[in-house]
Amino acid sequence: MAQRFHLFLFLILFVNLICFSSQQDLSFVYNGFNQDRTNLHLDGSAKFQDGLLQLTNATTQQKDHAFYNRPFDFSSASSHSISFSTHFVCALVPKPRSDGGHGIAFVLSSSMDLTQADPTQYLGLFNISTNGSPSSHVLAIELDTVLSAEFDDIDKNHVGIDENSLQSVVSASASYYSDREGKNKSLKLLSGDRIQVWIDYEDTLLNVTLAPFKNQKPSKPLLSRTINLTAIFPDRKAFIGFSAATGSLISYQYILGWSFSRSRVLLQSLDISNLPKVPRPKKPDETSHLLIAILVLLAIVVIAVLGGFYIYRRKKYAEVKEPWEKEYGPLRYSYESLCKATRGFNKDGRLGKGGFGEVYKGTLPLLGDIAVKRLSHGAEQGMKQFVAEVVTMGTLQHKNLVPLLGYCRRKGELLLVSKYMEGGSVDQYLFHGDKPPLSWSQRLAILRDIASALCYLHTGASQVVLHRDIKASNIMLNGNLQGFLGDFGMARFDDHGANLSATAAVGTIGYMALELTSTGTSTRTDVYAYGAFMLEVTCGRRPFDPELPVEKRHLVKWVCECWRKGSILNAIDTRLRGKFVPGEVEIVLKLGLLCTSIVPDARPNMEQVVQYINRHQRLPEFSPDTPGIGVSTPVLMGIPSLAITSSSVASSVSARSASLSSANNSMFISHTIIYGDGR
Ligand SMILES: *[C@@H]1O[C@H](CO)[C@@H](O)[C@H](O)[C@H]1NC(C)=O
Ligand SMILES: *[C@@H]1O[C@H](CO)[C@@H](O)[C@H](O)[C@H]1NC(C)=O
Ligand SMILES: *[C@@H]1O[C@H](CO)[C@@H](O)[C@H](O)[C@H]1NC(C)=O
Ligand SMILES: *[C@@H]1O[C@H](CO)[C@@H](O)[C@H](O)[C@H]1NC(C)=O
Ligand SMILES: *[C@@H]1O[C@H](CO)[C@@H](O)[C@H](O)[C@H]1NC(C)=O
């Protein structure tokens with residue numbers, strides 16, 4: 001019996017010992033929640049996921065709890081000897097671009113059943129009737145991420161110690177003491193980053209310490225407060241665990257690891273580096289941000305490319321436009337349209353190249369074929385007057401004038417647009433051999449056409465217009481071989497643009513009357529050039545041809561010589577093969593001689609010329625010996641920047657004439673000759 005009793009006693013003692021020691025040793029560590037978690041009691045939507053203890057899952061009005069299912073029992077200890085230590089890692093992950101809420105708390109509670117508690121600011125710890133009531137038997141360390149004014153919260157990122165009430169006995173903004181820097185550093189609870197929390201209770205003092213993940217435990221706690229545990233838990237036991245809640249503000253709230261012990265010394269350390277990772281909520285915004293960034297970048301690139309293209313175009317198609325040009329608006333063409341019309345001034349479309357510039361064929365949608373003359377010039381000086389003149393000429397209307405359609409001005413360049421003449425210029429027929437020779441009747445018709453056009457310029461327009469550069473290459477033909485006078489006024493335009501004034505005389509050798517060097521251009525100098533042209537067309541050779549024997553070199557002189565010898569018809573173009581009307585030829589040759597008289601007053605005016613050439617009036621009587629008839633004018637040579645005084649013209653220039661190159665088909669002087677009157 002006694003033996004039995006002893007055994008019984010021993011058993012009781014043994015069981016007691018086990019119970020006692022197990023209570024004494026309430027100590028556990030969860031390095032993540034993958035393994036044995038049978039001792040953990042969850043409620044609400046709390047769950048284990050990927051080694052994490054997920055308390056809330058970012059849906060509204062959640063209150064979730066996780067408790068260790070054995071209570072922390074301190075019944076055997078005196079008030080002063082109660083102690084515990086816990087270390088856990090949590091993460092509060094807000095939904096992207098939202099504030100997040102409400103918070104997480106470490107709880108000591110007499111009951112594991114907190115299902116009657118409310119979410120939102122109550123953090124799943126209390127409800128309106130239990131909050132502040134000593135019968136709640138709850139001690140909580142809250143990590144609160146919402147400012148609830150009713151509980152005197154200090155901010156929306158604070159840590160507090162709650163004794164039976166959400167009105168914390170003590171609270172502080174989340175921060176930690178950096179031992180390295182020797183100062184407090186703030187910590188954002190809702191950063192989504194992992195945060196370490198230590199709660200130590202010893203000798204009635206409750207310390208709460210926070211630190212970022214992977215930091216050492218700071219030497220100074222964030223909160224330190226005397227707490228009478230036996231007053232809160234008269235039963236001297238409490239379940240330990242976590243509570244978390246959401247409201248309309250939501251976040252994911254996780255516990256990653258948790259260690260608990262009755263004593264700070266025995267607390268097992270967490271294996272920080274092996275704790276699970278916190279899933280970052282997918283941020284549709286982030287991808288859309290990226291997308292937007294890419295789009296913006298793309299847009300910038302596109303804008304840059306377009307901008308570059310625009311600047312390139314602007315540069316390419318840049319024009320010079322001045323206020324005074326407004327009145328010429330309709331006559332002004334954009335460089336771009338001309339560029340397009342001529343396919344970028346394609347070499348294939350080049351009609352010719354002269355001293356003034358190059359001529360290109362082009363096509364405009366409404367006007368059809370056009371010829372664009374590109375004239376380069378350096379200075380803008382005198383441009384206004386020149387453009388005005390050109391435009392004025394553009395307004396001239398005569399059936400034998402090449403219609404000038406308009407112009408365009410760029411830096412250092414002027415472009416003139418005229419109708420394209422499919423027949424080409426007369427010199428092509430006379431000299432180049434690339435066109436069939438013209439018959440006498442065609443030649444006479446062309447001479448009559450040009451006489452009529454020149455007569456119109458001199459008398460028909462509202463003001464006298466001088467052509468200044470009549471020559472075979474400026475007489476254009478259409479498809480029916482009708483003659484058109486083109487390029488009027490062009491002679492005023494020189495390469496340097498510096499002398500567009502009336503004192504500048506520019507023309508073509510053999511077409512220039514002698515008095516040009518003294519009295520300047522006049523209708524009579526135009527008549528002279530026309531006379532030279534008449535002879536040229538009839539005789540089929542240039543007014544001056546250095547290749548020929550001396551006596552034939554000057555056409556005027558030679559025709560006169562033929563006449564003096566009694567056979568003026570000998571001067572006619574051999575390519576006509578005798579097919580001509582002798583009477584007509586004779587009149588034309590004699591009229592040509594009369595027009596090229598060296599005495600300006602002896603020349604007929606254009607009205608008379610038209611009368612004579614149309615045989616409406618008889619030529620005046622004159623002979624090869626009439627003074628001024630058949631006298632050749634000195635030939636000027638293309639010498640750069642030639643500036644000759646009137647006295648020196650005859651001697652110095654004629655001396656050089658022999659060396660004039662025959663290759664220079666147009667025998668064209670593009671340099672200004674300045675008269676001696678101003679020098
Ligand atoms: C969150 O948990 C609740 C309760 O378990 C569930 O109904 C809901 O679908 C969960 N939401 C998400 C986003 O997982
Ligand atoms: C508050 O919770 C207690 C239990 O903890 C419950 O008896 C009471 O009905 C709840 N009150 C409200 C208003 O929910
Ligand atoms: C709590 O912090 C204070 C210093 O603020 C320290 O003296 C005390 O030892 C700490 N107690 C625990 C249990 O860590
Ligand atoms: C750091 O914070 C603690 C707790 O809030 C406070 O007592 C202490 O004075 C602060 N120290 C510094 C250096 O700011
Ligand atoms: C703690 O509270 C209990 C019960 O209210 C009381 O008996 C005890 O004296 C208190 N201890 C301290 C240290 O205040």
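Note that ligands are numbered from 1 as they come in the structure, with each ligand's atoms numbered from 1 the same way. Starting from 1, each residue takes its place in the sequence as its number.
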Between Y177 and N184, a side-chain donor and acceptor under 3.5 Å: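 No - no donor-acceptor pair under 3.5 Å links their side chains.
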
Protein contact to [atom] [nearest heavy atom, distance to 0.1 Å]:
| atom | value |
| --- | --- |
| atom 11 (N) of ligand 3 | N207 ND2, 2.7 Å |
| atom 13 (C) of ligand 3 | E202 CB, 3.5 Å |
| atom 4 (C) of ligand 3 | P221 CD, 4.2 Å |

Atom 2 (O) of ligand 2 protein-contacted, heavy-atom criterion under 4.0 angstrom: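 Looking at atom 2 (O) of ligand 2, one finds that a protein heavy atom does lie closer than 4.0 Å.
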
Heavy-atom protein contact below 4.0 Å for atom 9 (O) of ligand 4: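 There is no protein heavy atom less than 4.0 Å from atom 9 (O) of ligand 4.
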
K217, NZ: over 12 other non-hydrogen atoms inside 6.0 angstrom: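 Yes, enclosed.
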
For N127, the ligand 2 atoms whose distance to one of its heavy atoms is below 4.0 Å: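 Atoms satisfying the 4.0 Å criterion: 1 (C), 2 (O), 3 (C), 8 (C), 10 (C), 11 (N), 12 (C), 14 (O).
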
Contacting atoms of ligand 2, where contact means under 4.0 angstrom from a heavy atom of T130: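 Near T130, meaning under 4.0 Å from one of its heavy atoms, ligand 2 has 1 (C), 2 (O), 3 (C), 5 (O).
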
Region of K220 that comes within reach of ligand 3 [heavy atoms, distance under 4.0 Å]: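 Answer for K220: neither.
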
Closest candidate by heavy atom, reference atom 14 (O) of ligand 4, pool L222, V208, N184: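 It is N184 whose heavy atom sits nearest to atom 14 (O) of ligand 4.
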
Whether F84 and F260 hold their rings parallel, tilted or perpendicular, with breakpoints at 30° and 60°: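 Taking F260 first and then F84, their aromatic rings lie parallel (interplane angle under 30°).
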
